[in-house]
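When a ligand or atom number is given, it counts from 1 through the structure's own listing order. No experiment lies behind these values; they were computed from the predicted model shown.
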Amino acid sequence: MNFELKTLDLIGAAQDKCDALIVLVTQSFKPGKDALAQLVGEALKAGDLETKPGKMLQLYRSPATVAPRAVLVGAGDGSARQVRLAVQAAVSAVKSGQVRRMTVCFAGAGAEVSGAAVRAAVLAAADASYVYTATKPSAEGRKITRVLLGVPHAAAATLGFEQGVAEVAGTELTKEWANRPANHATPARLADAAKALGKLPRVKCEVLGPKEVVRLGMGAFMAVAQGSQEPLRFIVLKYEGAAKSLAPVVLVGKGISFDTGGISIKPASEMDEMKFDMCGAASVLGVFRALAELRPALNVVGLIASCENMPDGRAVKPGDVVTSMNGQTIEVLNTDAEGRLVLCDALAYAERFKPRAVIDIATLTGACIVALGSVRSGMFSSDDALAAALLAAGESALDPCWRMPLDDEYAEGLKTNFADVANVAGRAGGAITAAKFLQRFSSRFAWAHLDIAGTAWKGGAAKGATARPVGLLLAYLLGQVEKVAAVPVKSARSVPKKVAKPV
Ligand code: BES
Ligand code: MN
Ligand code: ZN
């Protein structure tokens, strides 16, 4: 999708030759003399339109607009959150095969339009009009090709706009891969997608296969992969935006391309949704896509452990004991608790980068959905500063998380007579015991774990990936730019395009 930013008042918006015009009307709206403004004013007065976010009045071939379709939509106080609601509602209402070019006008939003509100509008327009076509090419005709954002002062909105556009490039890549069925998004194809990112400026990609992973001694990762005909891939992405001496942030994505549960097999209902078990990996790909666009002065490493979890004659069995890369032995009591097995080896691998912080992102537990539903991702961290930064990033990006506990008492159930640790504890506190397992492999760096089981995709009629937590992660990373800028560096490897600050 192409986005454009332009200075546009309501008179200009009324003249715009698009297929659908969306007019955001905030509570500070003041009716002017032109026909469209008068119409908005009258509709508000009559009670046919409200400024409550998402309240709409749809027009067809109105003499007040050149566009054949127009939606007047309440945008509340004009904050990022309420603008997002408004744009979501309006775009969902107008999207059809007829609309290719759309204009979103902030003219009714008062003189001040924050960068955050513009970013939110860009993201919401992209999100609401996203169409999956990889295995459904017939849906191609429903795609919106161009969105024009009309704001009172384009110059003041540029930063928020550019950040939003870069983020959309990332979220669309994340959705694209997360939505693909498991026979189209195999570990090998995910690795190819990562290699394609490696062609972008400042991005490098290296892919390891089964042989290399054996040599590294990633016994836990290999145990999960051994029941599948699809060979595993371990993907290493690097974004190099600052001097080599600057310690990187490492993102670790769970990339189970399909999770049957293995020998501890899952029930049939909704098992198809386990194609989304690589959403953590897909979010890492999306973040790198956006980084290549924004070019912040940072170093970031992305690690993806990708394989299928299948039942087979050679599959790992309940009770099997495997040895992780850092030498800890693990009793696999439940083969469906596979995410932590692939992540523990990736976390051990992360150590070699001497990272500032390591954040793993995983559709890890059904228990996290029970705890937090689909509003907030679960966040666990052994480092208070990192936890605070992730919480704040989630709020500012409207992609929130919630900190969960890591008391040592929660690890009691992971004790076993047959290995250093078991891969499951009891049913109680399942999201936390999973995090306690991962924490054993994260003692050498500041670590956080995001359990996105409830937030990464939607089920039901709107089934599809959400691209969360790409927004949270990007906001966190851009927030680090200012912090690392305070650290003197000898030679910047490449000059950043601009100082990318979160809006
Ligand atoms: N990928 C699942 C977690 C999941 C389940 C995410 C449903 C979203 C929806 C994970 O690999 C898993 O199966 N976890 C088990 C852990 C249990 C065996 C301790 C779970 O949550 O049931
Ligand atoms: Mn599982
Ligand atoms: Zn899983």
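- Under 3.5 Å, the side chains of T455 and S377 contain a donor-acceptor pair of N or O atoms.
- Considering backbone and side-chain atoms alike, W457 places every N or O at 3.5 Å or more from each N or O of ligand 1.
- Considering all non-hydrogen atoms of both residues, A89 and M56 come closest at O-SD, 3.7 Å.
- For a distance bound of 2.8 Å, the N, O or S atoms of D259 include one lying that close to the Mn ion (ligand 2).
- Comparing I256, D451, D277 against atom 1 (N) of ligand 1, the shortest heavy-atom distance belongs to D277.
- Protein heavy atom in closest approach to atom 14 (N) of ligand 1: L364 O, 3.4 Å.
- Closest approach between the Mn ion (ligand 2) and any N/O/S atom of E338 involves OE1.
- Numbered from 1 in the order shown, with element, the atoms of ligand 1 that lie under 4.0 Å from a heavy atom of E338 read 11 (O).
- Atom 22 (O) of ligand 1 is not flagged as protein-proximal [any protein heavy atom, distance under 4.0 Å].
- Atoms OG1 and CE, from T145 and M102 in turn, are 10.0 Å apart once rounded to the nearest 0.5 Å.
- The Zn ion (ligand 3) forms the vertex of an angle spanning OD2 of D259 and NZ of K254; to the nearest 10 degrees it equals 170°.
- For T466 and K458, the side-chain atoms include no donor-acceptor pair closer than 3.5 Å.
- Nearest residue to atom 12 (C) of ligand 1 from T433, I452, D336 is D336 (criterion: closest heavy atom).
- Remark: R403 engages D384 in a salt bridge, criterion side-chain N to carboxylate O under 4.0 Å.
- The closest side-chain donor-acceptor pair between T260 and N309, if any, does not fall under 3.5 angstrom.
- Aromatic ring pairs are classed by plane angle as parallel below 30°, tilted from 30° to 60° and perpendicular above 60°; the pair F276 and W457 is parallel.
- Distances from the Zn ion (ligand 3) to the N/O/S atoms of D277 are shortest for OD2.
- Not one N or O of R340 is nearer than 3.5 Å to an N or O of ligand 1, by distance alone.
- Within the listing of ligand 1, atoms 19 (C) sit less than 4.0 angstrom from a heavy atom of V424.
- Listed by number with element, the atoms of ligand 1 under 4.0 Å from a non-hydrogen atom of K254 are 1 (N), 10 (C), 11 (O).
- Side-chain atoms of N326 and Y349 include no donor-acceptor pair closer than 3.5 Å.
- The contact set between ligand 1 and N334, taken as ligand atoms under 4.0 Å from a residue heavy atom, comprises 18 (C).
- With hydrogens left out, the protein atom closest to atom 6 (C) of ligand 1 is A453 CB, 3.6 Å, a heavy atom.
- Residue contact annotation: E273 has no non-hydrogen atom under 4.0 Å from ligand 1.
- Among all non-hydrogen protein atoms, the one lying nearest atom 2 (C) of ligand 1 is D259 OD2, 3.6 Å.
- At a threshold of 2.8 Å, the Zn ion (ligand 3) has a backbone or side-chain N, O or S atom of E338 nearer than that distance.
- Distance check: S114 OG to R119 CZ gives 10.5 Å after rounding to the nearest 0.5 Å.
- Residue, atom and distance of the protein heavy atom nearest to atom 7 (C) of ligand 1 are M274 CE, 3.5 Å.
- Side-chain atoms of Y410 and Q439 form no donor-acceptor pair, as typed in the model, at a separation below 3.5 Å.
- For K266, a nitrogen or oxygen atom sits less than 3.5 Å from a nitrogen or oxygen atom of ligand 1, counting backbone and side chain alike.
- R440 and D420 are not joined by a salt bridge, as no carboxylate oxygen comes within less than 4.0 angstrom of a charged side-chain nitrogen.
- Taking any N or O of A337, backbone or side chain, none lies under 3.5 Å from an N or O belonging to ligand 1.
- Residue, atom and distance of the protein heavy atom nearest to atom 20 (C) of ligand 1 are G366 N, 3.9 Å.
- In this structure, F441 and F437 have tilted ring planes: the angle between them lies in the 30° to 60° band.
- For F437, no heavy-atom contact with ligand 1 is shorter than 4.0 Å.
- Using a 4.0 Å cutoff on heavy atoms, F258 does not count as a contact of ligand 1.
- Remark: S257 OG to N183 CG distance equals 10.0 Å, nearest 0.5 Å.
- Looking at S79 and D77, their side chains do bring a donor and an acceptor atom within 3.5 Å of each other.
- Atom SG of C307 sits about 11.0 Å away from atom CG of L190, to the nearest 0.5 Å.
- For ligand 1, the atoms lying closer than 4.0 Å to a non-hydrogen atom of I369 are 8 (C), 9 (C).
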